[in-house]
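What follows is a single structure, written as structure tokens, with notes after it.
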Amino acid sequence: MSDDEYDPHATLTGDAVFWADEAADAVEARGGDDPLVVKGGISPSGVPHLGNMNEIMRGYYVAEVLRERGHEVRQLFTADDRDPLRGLPRKLADLDGKIVDLGDVNAGALGRNLGHPYTDIPDPFGCCDSYGAHFSNLIERSADRLGVDVETVSNTELYESGEFEAVTRDLLASADEARDVLGKYQDKVDESYVPFNPICENCGKVTETVTAIDAEAGTVDYECTDMDAGDQTIEGCGHAGTATLREGKLPWRFEWPAQWQVLGVDFEPFGKDHAEGSWPSGSDIAATLLGIEPPTPMVYEWFTLDGDPFSSSAGNVVLVSDVLELVERDVLRYFFTKDPKRARDFSIERIDLLVDEFDRFERLYYGDVEDASEREIERAERIYPFVVGDVPDERPIRLPYTFAAVLGMTEDPALREEIARREGHIPEGASEEAVAAALERVERAREWAERTDNQYNYRIERRTMPAVDVDEETAAALDDLAAFIEDEEPDGETLQGEVYETAKRHDIDIGDFFATGYRLFFDEEQGPKLGQFLADLDREFVVTRLRREK
RNA sequence: GGGCCGGUAGCUCAGUUAGGCAGAGCGUCUGACUCUUAAUCAGACGGUCGGGGGUUCAAUUCCCUCCCGGCCCGCCA
């Protein structure tokens, strides 16, 4: 069922070059008071992957546009940390973002905590107050690394501090009405449905069976029964008890609108999974039951990771911290400025394409792209300042990403810089800081080459000579080449030519000769343009290696 | 089964608001650079804009219909 009044797809109209402008228009049209509240929410159930960051980044750009328009804006992020652990994730991550297998932590301890709120489960890494706190912490760190300042709100704290108490009491007092409203969206809601899940005082699990409500006293009676969790059942302990409204949680469909009310939310982006389920019921509950205007909604499509769905539980994840080892922060921020309505693949394998796209986007902003269309210039001029925050007066030096990967084949920083300069990627008058900043990309591209083990993953074999079989003629050719280098001290171009000449002179197949060269220096069949590269290395090493001495 | 969103070049994506010659980058191919070897430069190839129908002088764009993919219509977020 779709409610036209609150159609979450209608926020983005496609009129503007930047979708965040359209979302901001809708927020202003809704007419909330400053400070405007922009919210997202993530369950700290496990590794916070890049897709989860939509909850923060989509809201961030809208918040920034609203700030640009003179509004005071708070950006919140609710850690839905009173939710019960429903299954064991296959992968976890420590606070530095290092992924570990479930087996590397105390899996048994976790298993015994199925059904318990995240904030009641001990941190398997022992570094935070709870499982929930651990992963909330990781989410905050991810936001921080992206340069986004968000206030974290813990759901558990909202319950324990009593901030949720009034709305919970209201909902329980009008439980019949609540049932009716939700029943319009969920067939399974029957007469026994109660919009509150107490935590069992005996076993600590979130339970579903409420036997009596005393709204005035602010208590419910419950029985700890079994709970379905996907394909498995979490067993209840059978305990019958009484809980206060601070000792439990609202079901998600009510909890979400309750957050809007308690926190005064004006804008909230959410994944497409919510668009047809939680949102219609939530906006109805907010308007009908709570008597509040729901926030301006915005639906975003999901990302995939190298073609497959992100999955915390299955371990198909990449964290912000991982990505930032491969690309600059602003490249990743750029990724989140793309149209939320379109599903996107985030490809680690081809992250060079994203970087190229960003570099071009940046050049467009600085007016350095010939034959650019007006549309793309307009987009870059509008969006680029939001991506980088503070726009530098001069365009940063960017080494083409794959070129940076080639530079990563040598570890010598001076040599990297020299090659980059010779190839014209570093302008004459560039400051030392600007050059150093540009060369940082080499480390990232190197990391990419190694991680994906792609065509740039070559490294000069300096220490030990790779085993190479050379026939007599090839040996003579290599010796000639060594002598040529010793005598002539050629530049790269000359040396490249001489490689060809030498091969011809000795009647060796040129392809084979190059392959021998790559084998000697890289222990690979292929590599970068050999002459250029060897000319840049220290001569003594090259000559010695060509003579197969070590 | 019903609903929502999406489908544009091999890949990643602009463009559709308001109908007016189908776009970029990357890849591929060819060529240049004394040189078949991944960094540079030039050029080319590349499309039924998911299919079909309709409206129109004109449709990727508007309408209808069908196909494909994801999601929702249980729980949970």
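Here is how names work: the chains are called A, B, and so on, in the same order as the sequence lines, proteins then strands, and each is numbered from 1. Side chains are part of it too, since the values below use all heavy atoms of this structure and drop only hydrogens, waters and symmetry mates.
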If we take the [atom1] atom in both [N] and [M], what is their distance in whole Å?
| N | M | atom1 | value |
| --- | --- | --- | --- |
| B:rC26 | B:rC21 | P | 25 Å |
| B:rC5 | B:rG20 | C1' | 29 Å |
| B:rG47 | B:rU40 | P | 27 Å |
| B:rC76 | B:rU17 | C1' | 38 Å |
| B:rA22 | B:rC45 | C1' | 16 Å |
| B:rG23 | B:rG69 | P | 31 Å |
| B:rG46 | B:rU30 | C1' | 14 Å |
| B:rC13 | B:rG7 | C1' | 13 Å |

Using whole Å, what does the distance between atom [atom2] of nucleotide [N] and atom [atom1] of [X] come to?
| X | N | atom1 | atom2 | answer |
| --- | --- | --- | --- | --- |
| A:R344 | B:rG69 | CZ | P | 21 Å |
| A:F514 | B:rU36 | CZ | C1' | 9 Å |
| A:M298 | B:rC5 | CE | P | 15 Å |
| A:F335 | B:rC13 | CZ | P | 7 Å |
| A:K272 | B:rC73 | NZ | P | 13 Å |
| A:D339 | B:rG7 | CG | C1' | 14 Å |
| A:D21 | B:rU17 | CG | C1' | 14 Å |
| A:K504 | B:rU36 | NZ | C1' | 11 Å |

Pairing partner of [N] (Watson-Crick or G-U wobble, both distances under 3.5 Å):
| N | answer |
| --- | --- |
| B:rG6 | B:rC68 |
| B:rG25 | B:rC11 |
| B:rA32 | B:rU40 |
| B:rG74 | none |
| B:rG46 | none |
| B:rU56 | none |

Look at all strands and tell whether [X] reaches a base, only sugar-phosphate, or nothing, counting heavy atoms closer than 4.0 Å.
| X | result |
| --- | --- |
| A:I419 | base |
| A:G277 | sugar-phosphate |
| A:T13 | nothing |
| A:D273 | base |
| A:S278 | base |
| A:W302 | sugar-phosphate |
| A:R82 | nothing |
| A:Q496 | base |

Of the nucleotides B:rU36, B:rA77, B:rG25, which has the atom closest to the A:H274 side chain?
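Nearest nucleotide to the side chain: B:rA77.
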Closest to the A:I510 side chain, choosing from B:rC73, B:rU36, B:rC4:
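Nearest listed nucleotide: B:rU36.
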Short side-chain N/O contact from [X] to OP1 or OP2 of [N], under 4.0 Å:
| X | N | result |
| --- | --- | --- |
| A:R86 | B:rC75 | no |
| A:Q186 | B:rC75 | yes |
| A:K249 | B:rA77 | yes |
| A:R342 | B:rG15 | no |

Check the orientation of A:F18 and A:Y61. Use parallel for under 30°, tilted for 30 to 60°, and perpendicular for over 60°.
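Ring orientation, 0 to 90° scale: perpendicular.
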Do the rings of A:F361 and A:Y334 sit parallel, tilted or perpendicular, given the 30° and 60° boundaries?
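Geometry flag for A:Y334 against A:F361: tilted rings.
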Around atom CG of A:D507, are there more than 12 heavy atoms from other residues, nucleotides or ligands closer than 6.0 Å?
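No - once you tally the heavy atoms of other residues, nucleotides and ligands closer than 6.0 Å, there are 12 at most.
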Heavy-atom check, side chain of A:H134 versus side chain of A:Y118, under 4.5 Å:
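No. Closest side-chain heavy atoms not under 4.5 Å.
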A:K338 or A:R253: which one's nearest nucleotide on RNA chain B is closer to the 5' end?
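It is A:K338, whose closest nucleotide lies nearer the 5' terminus.
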Assign each of A:L407 and A:E301 to its nearest nucleotide of RNA chain B by heavy atoms, then name whichever residue's nucleotide is nearer the 5' end.
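Taking each residue's closest nucleotide, the earlier one in sequence belongs to A:E301.
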Taking only N/O atoms, report every protein-nucleotides 26-33 of chain B pair under 3.5 Å with atom names and distance.
| from | atom 1 | to | atom 2 | distance (Å) |
| --- | --- | --- | --- | --- |
| B:rC26 | O2' | A:R350 | NH2 | 3.4 |

Which heavy atom in A:R519 sits nearest to a heavy atom in A:P466, and how many Å separate them?
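That would be O-CG, 3.2 Å.
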Would A:F346 and A:F310 count as a ring-ring contact (aromatic ring centres under 6.0 Å, His included) here? Give the steps.
CA-CA 10 Å; A:F346 188 85; A:F310 274 96; 7.6 Å; no
Counting distance only, does the side-chain N/O of A:K205 pair as donor-acceptor with the main-chain N or O of A:E235 below 3.5 Å?
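Yes: the side chain of A:K205 pairs with the backbone of A:E235.
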Does any N or O in the side chain of A:R344 come within less than 3.5 Å of the main-chain N or O of A:D339, such that one atom is a donor and the other an acceptor?
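Yes, A:R344 side chain to A:D339 backbone: donor-acceptor pair under 3.5 Å.
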Ring centroid separation A:W279 to A:F270 under 6.0 Å:
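Yes, they do, as the ring centres are separated by less than 6.0 Å.
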Among A:S43, A:S278, A:S281, find the residue that satisfies the side-chain hydrogen bond (donor to acceptor under 3.5 Å, both in side chains) test when tested with A:W252.
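Going through A:S43, A:S278, A:S281 one by one, the side-chain hydrogen bond (donor to acceptor under 3.5 Å, both in side chains) with A:W252 is satisfied by A:S278 alone.
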